[in-house]
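Have a look at the structure below before the remarks.
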Amino acid sequence: MRQTVSNCGSLHKVCTLIVFLGFIHLLCILIYYVKTLDIKFATTRFQNIQATVQTGAEWTATSAPYREPDPPVTNRSALSSAVDNSGKLDVCPDESPLLVGPLRVEFSEPLSLDTVRANNPKLLEGGHYKPKDCIALQKVAIIIPFRHRDEHLKFWLHYLHPILQRQQLDYGVYIINQDGEQIFNRAKLMNIGYVEALKEYNYECFVFSDVDLIPMDDRNIYKCYDQPRHLSVSMDKFGYKLPYKQYFGGVSALSKNQYLKINGFPNNYWGWGGEDDDIYNRINYRRMLISRPDSEVGKCRMIRHSRDEKNDANPQRFNRIAHTRETMNRDGINSLVYQVLKVEKDKLYTKITVDVGKPT
Ligand code: UDH
Ligand code: NGS
């Protein structure tokens, strides 16, 4: 009897062992299967990203963001290689998950540049930033025409750097500072910004912004679209609407191709007014359309100021904008002459001081 009980006990142990080994076997098969799936999934995702980048130039919808395939890069600057971790990363999503929407924008609190620097620890020298976790959809140079507006610049840097980072852009900020006290030339400074920024990095998109304009919604993306983009469409000073249908002043974005198609901007608008209308005409004559955000997303505030010295209204502006069609082929990026006097690299920006000459 005792013998039988002992035999049964041994049999039970053997059976348990067999079941246990079977379970381990099944577990191994399951782990192997899941791993294979994972690799397959990752490969498909990589192929999808490659396909998106290769077909990027064919985007056509008016509201679709402009995307250009990367040209073969042979001589990228030290700036690019210093931050190049793109080999291991996925492309950033079409819509950044970091956006928060409407923002409160005020200019009453005093600000110091040191505070702005401390609030933006991820910036690289020269006001450059590149997302760490994904490859930005576009490389964007932000160009600011500038002279004697340091107070406004502080606010611009304070508000814009965090916004541009949430927009997951690979961007650099260029302050193009007109030297001396000759009459101001906004459009020529923007042309210079285009040329100087391209000397540093393989930018594909150029955002031209007045120093006193701050977006009130971070969904107003500072990037390029398949048509030239006007971003400051809903300004507080105009009662949050366009002052006129053709208005293209304030903040605008053009891809390299769009900019070259219009021969850049005019160099001969000295003093206030008209140069933005000339740019509108150029875009129109090259049969492009203006892309704009809606008036909610496009809300922005202007820092109130009086007219600057040496920037009086240009009496020739009406005559000039009446002749854009004839002048645009000979006056623009193909006729740009200037001299760089100084390049300063700050954590928050690259400031390039230039001699733009004077009206002839
Ligand atoms: N800018 C400078 N320094 C100047 C002139 C212009 O930095 O001396 C730049 C700056 O980026 C500015 C942009 O050029 O945002 C446009 O110039 P603006 O501010 O003079 O043009 P806006 O049309 O104002 O914004 C015109 C003067 C309005 C006076 C209204 C008085 N109530
Ligand atoms: C138009 C100017 C534009 C200027 C716009 C808004 O009249 O350059 O007003 O000016 N065009 C001409 O003068 C031909 S603003 O109210 O912002 O000072 O951008």
Side-chain angles (χ1 to χ4, degrees), residues 105 107 127 141-160 173-194 206-215 222 230-253 265-284 290 292 298-324 327 349-356 358-359:
V105 176
F107 309 117
I142 318 270
I143 315 282
I144 301 183
F146 186 85
R147 184 167 68 183
H148 304 323
R149 292 280 196 100
D150 296 277
E151 272 311 301
H152 295 180
L153 181 59
K154 266 190 251 173
F155 283 108
W156 191 95
L157 296 164
H158 167 69
Y159 281 111
L160 265 295
V173 172
Y174 294 85
I175 311 299
I176 313 299
N177 180 39
Q178 179 169 334
D179 185 61
E181 302 303 325
Q182 275 291 341
I183 189 155
F184 196 70
N185 191 328
R186 177 175 179 266
K188 184 165 183 179
L189 290 168
M190 300 198 294
N191 275 339
I192 296 171
Y194 170 88
F206 299 82
V207 173
F208 302 93
S209 174
D210 283 359
V211 71
D212 51 14
L213 282 173
I214 313 293
Y222 276 45
H230 185 219
L231 290 96
S232 49
V233 297
S234 188
M235 282 161 65
D236 56 349
K237 76 163 174 177
F238 296 134
Y240 298 107
K241 52 181 193 258
L242 279 177
Y244 52 96
K245 198 170 148 269
Q246 297 87 347
Y247 178 60
F248 198 63
V251 189
S252 57
F265 302 156
N267 296 304
N268 64 353
Y269 281 77
W270 298 91
W272 179 88
E275 81 294 342
D276 46 355
D277 304 307
D278 190 292
I279 296 167
Y280 175 88
N281 285 346
R282 288 172 181 237
I283 291 168
N284 191 33
I290 306 292
R292 291 189 169 108
K299 275 187 170 175
C300 53
R301 284 198 69 185
M302 196 195 83
I303 309 172
R304 297 279 164 170
H305 62 93
S306 47
R307 196 181 293 283
D308 305 83
E309 287 192 11
K310 295 290 177 185
N311 197 26
D312 289 333
N314 173 9
Q316 297 172 350
R317 64 192 189 283
F318 298 107
N319 184 41
R320 292 224 189 281
I321 58 177
H323 293 97
T324 308
T327 53
Y349 55 78
T350 297
K351 186 173 183 182
I352 305 180
T353 300
V354 291
D355 180 354
V356 296
K358 51 185 182 202

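We count ligands from 1, going down the list as the structure has it; atoms in each ligand are counted the same way.
For atom 7 (O) of ligand 1, the nearest protein heavy atom (residue, atom name, distance) is R147 N, 2.9 Å. Atom 13 (O) of ligand 2 has its closest protein heavy atom at R317 NE, 2.6 Å. Annotation: atom 20 (O) of ligand 1 to nearest protein heavy atom, N311 ND2, 3.3 Å. Atom 10 (O) of ligand 2 has as its closest protein heavy atom W272 CZ2, 3.3 Å. Among protein heavy atoms, the minimum distance from atom 14 (O) of ligand 1 is reached at F184 CE2, 3.5 Å. Considering only non-hydrogen protein atoms, atom 16 (C) of ligand 1 sits nearest to D210 OD2, 3.5 Å. In this structure, atom 12 (C) of ligand 2 lies nearest to the protein heavy atom D277 OD2, 3.4 Å. The nearest protein atom to atom 32 (N) of ligand 1, hydrogens excluded, is given as H305 O, 4.3 Å; this is a heavy-atom distance. Distance from atom 1 (C) of ligand 2 to its nearest protein heavy atom, with residue and atom name: Y244 OH, 3.5 Å. Looking only at heavy atoms of the protein, atom 26 (C) of ligand 1 is closest to W272 NE1, 3.4 Å. What sits closest to atom 29 (C) of ligand 1 on the protein, heavy atoms only, is R307 N, 3.8 Å.
Counting heavy atoms under 4.0 Å from ligand 2, residue K237 touches it through the side chain alone. Under 4.0 angstrom from ligand 2, there are no non-hydrogen atoms of Y280.
Annotation: the span from E275 atom CD to W270 atom CH2 amounts to 12.5 Å, rounded to 0.5 Å. One distance of note links CZ of F146 with CZ of R186; it measures 14.5 Å at 0.5 Å rounding. Of the inter-residue distances, the one linking S252 atom OG with I283 atom CD1 reads 7.0 Å to the nearest 0.5 angstrom. To the nearest 0.5 Å, atoms CZ (F107) and NZ (K154) are separated by 14.0 Å. Atoms NE2 and CE, on H152 and M302 in that order, are 8.0 Å from each other to the nearest 0.5 Å.
Aromatic ring pairs are classed by plane angle as parallel below 30°, tilted from 30° to 60° and perpendicular above 60°; the pair F248 and H230 is tilted. Note on ring orientation: taking the six-membered ring where Trp is involved, the planes of F208 and F206 are parallel (angle under 30°, cut-offs 30° and 60°).
I143 is not listed as a side-chain neighbour of V207, based on a closest heavy-atom distance of 4.5 Å or more. With a 4.5 Å cut-off on side-chain heavy atoms, I144 and I176 do not count as touching.
Residue-to-ligand polar distances place D308 within reach of ligand 1: an N/O pair is separated by less than 3.5 Å. Checked against a 3.5 angstrom limit, the closest N/O atoms of V211 and ligand 1 fall inside it. Geometrically, ligand 2 and D276 share a nitrogen or oxygen pair separated by less than 3.5 Å.
Ligand 1 places these atoms under 4.0 Å from at least one heavy atom of P145: 7 (O), 9 (C), 10 (C), 11 (O). Those atoms of ligand 2 that come under 4.0 Å of a heavy atom in G273, given as number and element, are 8 (O). Short contacts between ligand 1 and F146, defined as distances under 4.0 Å to a heavy atom of the residue, involve ligand atoms 7 (O).
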Side chain to side chain contact (heavy atoms under 4.5 Å, CB included) between D312 and R307: does it pass, once the steps are laid out? CA-CA 7 Å; D312 289 333; R307 196 181 293 283; 4.1 Å; yes
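Across R149, H152, R186, heavy-atom proximity to atom 18 (P) of ligand 1 is greatest for R149.
E181 and H148 share a side-chain donor-acceptor pair at under 3.5 Å.
For the pair K310 and F184, the cation-pi test (distance below 6.0 Å, angle within 45°) is failed.
A salt bridge links R282 to D278: one of the charged nitrogens lies within less than 4.0 Å of a carboxylate oxygen.
Proximity of G274 to ligand 2 is established by a heavy-atom distance of less than 4.0 Å.
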